[in-house]
2 protein chains.
Amino acid sequence: MSSELPLRFLLAFRTMIDELHAELARQGHPDMRPMHGFVLQAIGPQGTTAVELGRTLGVSKQAAGKTVEALEQIGYVERAVDPADTRRKIVKVTDRGYDALIRSGEILRRQHRRWAETLGADRLAALENDLRKMTPENVWKLDAPGWFS
Amino acid sequence: MSSELPLRFLLAFRTMIDELHAELARQGHPDMRPMHGFVLQAIGPQGTTAVELGRTLGVSKQAAGKTVEALEQIGYVERAVDPADTRRKIVKVTDRGYDALIRSGEILRRQHRRWAETLGADRLAALENDLRKMTPENVWKLDAPGWFS
DNA sequence: ACACGATAGACAACCTGGTTCACTATTTAG
DNA sequence: CTAAATAGTGAACCAGGTTGTCTATCGTGT
């Protein structure tokens, strides 16, 4: 059935993300939501603002603001007014945020290795190549309200 | 980056689904939501009930009921009490629902052909094979609140 | 024969992650 | 120095889920 392929993509995504967050919870980050790691990455080392973040992710500034607030409450980011422009509030990833980010990276690399072992490194590389060929460039702009769970 | 793979899966899913619904809208089904086609398929030719549907999809009976109601309002399904058990209401796909389903199938098949043309039929088959190896059997139970947009 | 437990559906309140509209405060440009 | 643009925030709303509670009907055990 040709309708199976998109479902398999979704299933693959969810399987990986669910695994990631189960392991992250075990490693001391039970409050991480699927989108959080993604947003932390999007913030970057320089910090950013809600408006900027919204543009990067392809969502409204209000949605970005809400997410930042949630992230702030669980201690993954902090906000400080920009002295050079007191309208702006610079969002920065905290140490705890970085810890989550680093652990996510490790878990994802392990996951990737498991895929390589199961499928063969060559097949996995070919798969990644094919996917890059068929999907848009910009990995950030998922342009999806509620991309995952 | 090993974190790219899950994102590519999501992107691939969304790309296909967005394309499908853009084309479906052009063909006279502008109200179809991503989940609708999926649910229509899950209902099947025999019809089903909210409880049954919920079990199939892995969501609560209330969620299934809400979806059925939405589908009913836009004319894709209809409900009738089961004469053999007046508690039950059998949900059936209407002609309009079937029209959407048939068109979806055609669009998905075209999409699939395009992927085959771009990647090569052999590569696409290998990709599908790899995905089946790495994802759960049951395509219905996505077990995801809000799997797509 | 009938009471009791299980089942189907519906309603309400709530959650998450989005949306738009409206507003204030500040900055920048003409 | 005023006018437009921009950053942030709040409110109301939506979709698609959740749980809890309730009624109506069905089916079974004594």
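Chain letters run A, B, ... following the sequence lines, proteins first, then strands; residues in each count from 1.
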### Listed once per pair and sorted, the salt bridge (charged side-chain N to carboxylate O under 4.0 Å, His left out) pairs that draw on residues 84-94 of chain B, sequence neighbours left out
B:Glu52-B:Arg88, B:Asp82-B:Arg88, B:Asp85-B:Arg87
### Task
Tell me, please, which residues at least two apart from B:Ser60 pass side chain to side chain donor-acceptor pair (under 3.5 Å).
none
### Query
So do A:Thr135 and B:Leu7 actually touch side chain to side chain, heavy atoms under 4.5 Å?
no
### Query
Can you list every salt bridge (charged side-chain N to carboxylate O under 4.0 Å, His left out) pair that touches residues 58-69 of chain B, not counting sequence neighbours?
none
### Query
Where the side chain of A:Met35 is defined as all heavy atoms beyond and including C-beta, which of C:dT19, C:dG17, D:dT18 is the nearest nucleotide?
C:dG17
Report, one pair per line, the protein and nucleotides 7-10 of chain C atoms (nitrogen or oxygen only) whose separation is under 3.5 Å.
from: C:dT7; atom 1: O2; to: B:Arg87; atom 2: NH1; distance (Å): 2.7
from: C:dG9; atom 1: OP1; to: B:Lys89; atom 2: N; distance (Å): 2.7
from: C:dG9; atom 1: OP1; to: B:Lys89; atom 2: O; distance (Å): 3.2
from: C:dG9; atom 1: OP2; to: B:Ala50; atom 2: N; distance (Å): 3.3
from: C:dG9; atom 1: OP2; to: B:Val51; atom 2: N; distance (Å): 3.1
from: C:dG9; atom 1: N7; to: B:Lys61; atom 2: NZ; distance (Å): 2.7
from: C:dG9; atom 1: O6; to: B:Lys61; atom 2: NZ; distance (Å): 3.0
from: C:dA10; atom 1: OP1; to: B:Lys89; atom 2: NZ; distance (Å): 2.5
from: C:dA10; atom 1: OP2; to: B:Arg79; atom 2: NH1; distance (Å): 3.1
from: C:dA10; atom 1: N6; to: B:Gln62; atom 2: NE2; distance (Å): 3.4

### Query
When all nucleic acid strands are considered with a 4.0 Å heavy-atom cut-off, which category describes A:Thr86: base, sugar-phosphate, or nothing?
sugar-phosphate
### Residue pairs passing the salt bridge (charged side-chain N to carboxylate O under 4.0 Å, His left out) test where at least one lies in residues 24-48 of chain B, sequence neighbours excluded
B:Glu23-B:Arg26
## Note on the structure
Note: contacts of residues 20-33 of chain B with DNA chain D (heavy atom, under 4.0 Å) are B:Arg33
### Message
Strictly below 4.0 Å: does B:Thr67 bring a side-chain N or O up to OP1 or OP2 of D:dG17?
### Response
yes
### Task
Taking salt bridge (Lys or Arg N to Asp or Glu O under 4.0 Å) as the test, write out the residues that go with B:Glu106, two or more places apart.
none
### Query
What does the inter-axis angle of the helix from C:dA1-D:dT30 to C:dG30-D:dC1 come out as, five pairs per end, nearest 10 degrees?
0°
### Query
In chain order, what residues pass the side-chain contact (heavy atoms from CB on, under 4.5 Å) check against A:Thr15, with sequence neighbours excluded?
A:Glu19, B:Pro136
### Message
Under the ring pair (Phe, Tyr, Trp, His ring centres under 6.0 Å) definition, can you give me all pairs with a residue in residues 49-87 of chain B, not counting sequence neighbours?
### Response
B:His29-B:Tyr76
### Task
For A:Asp82 and for A:Ser60, locate the closest nucleotide of DNA chain C by heavy-atom distance; then report the residue assigned to the nucleotide nearer the 5' terminus.
A:Ser60
#### Entry: Of all pairs that satisfy ring pair (Phe, Tyr, Trp, His ring centres under 6.0 Å), the ones with a partner from residues 117-136 of chain B, not counting sequence neighbours
none
#### Entry: Non-neighbouring partners of B:Ala126 that pass side-chain contact (heavy atoms from CB on, under 4.5 Å), sequence neighbours left out
A:Arg123, B:Arg123
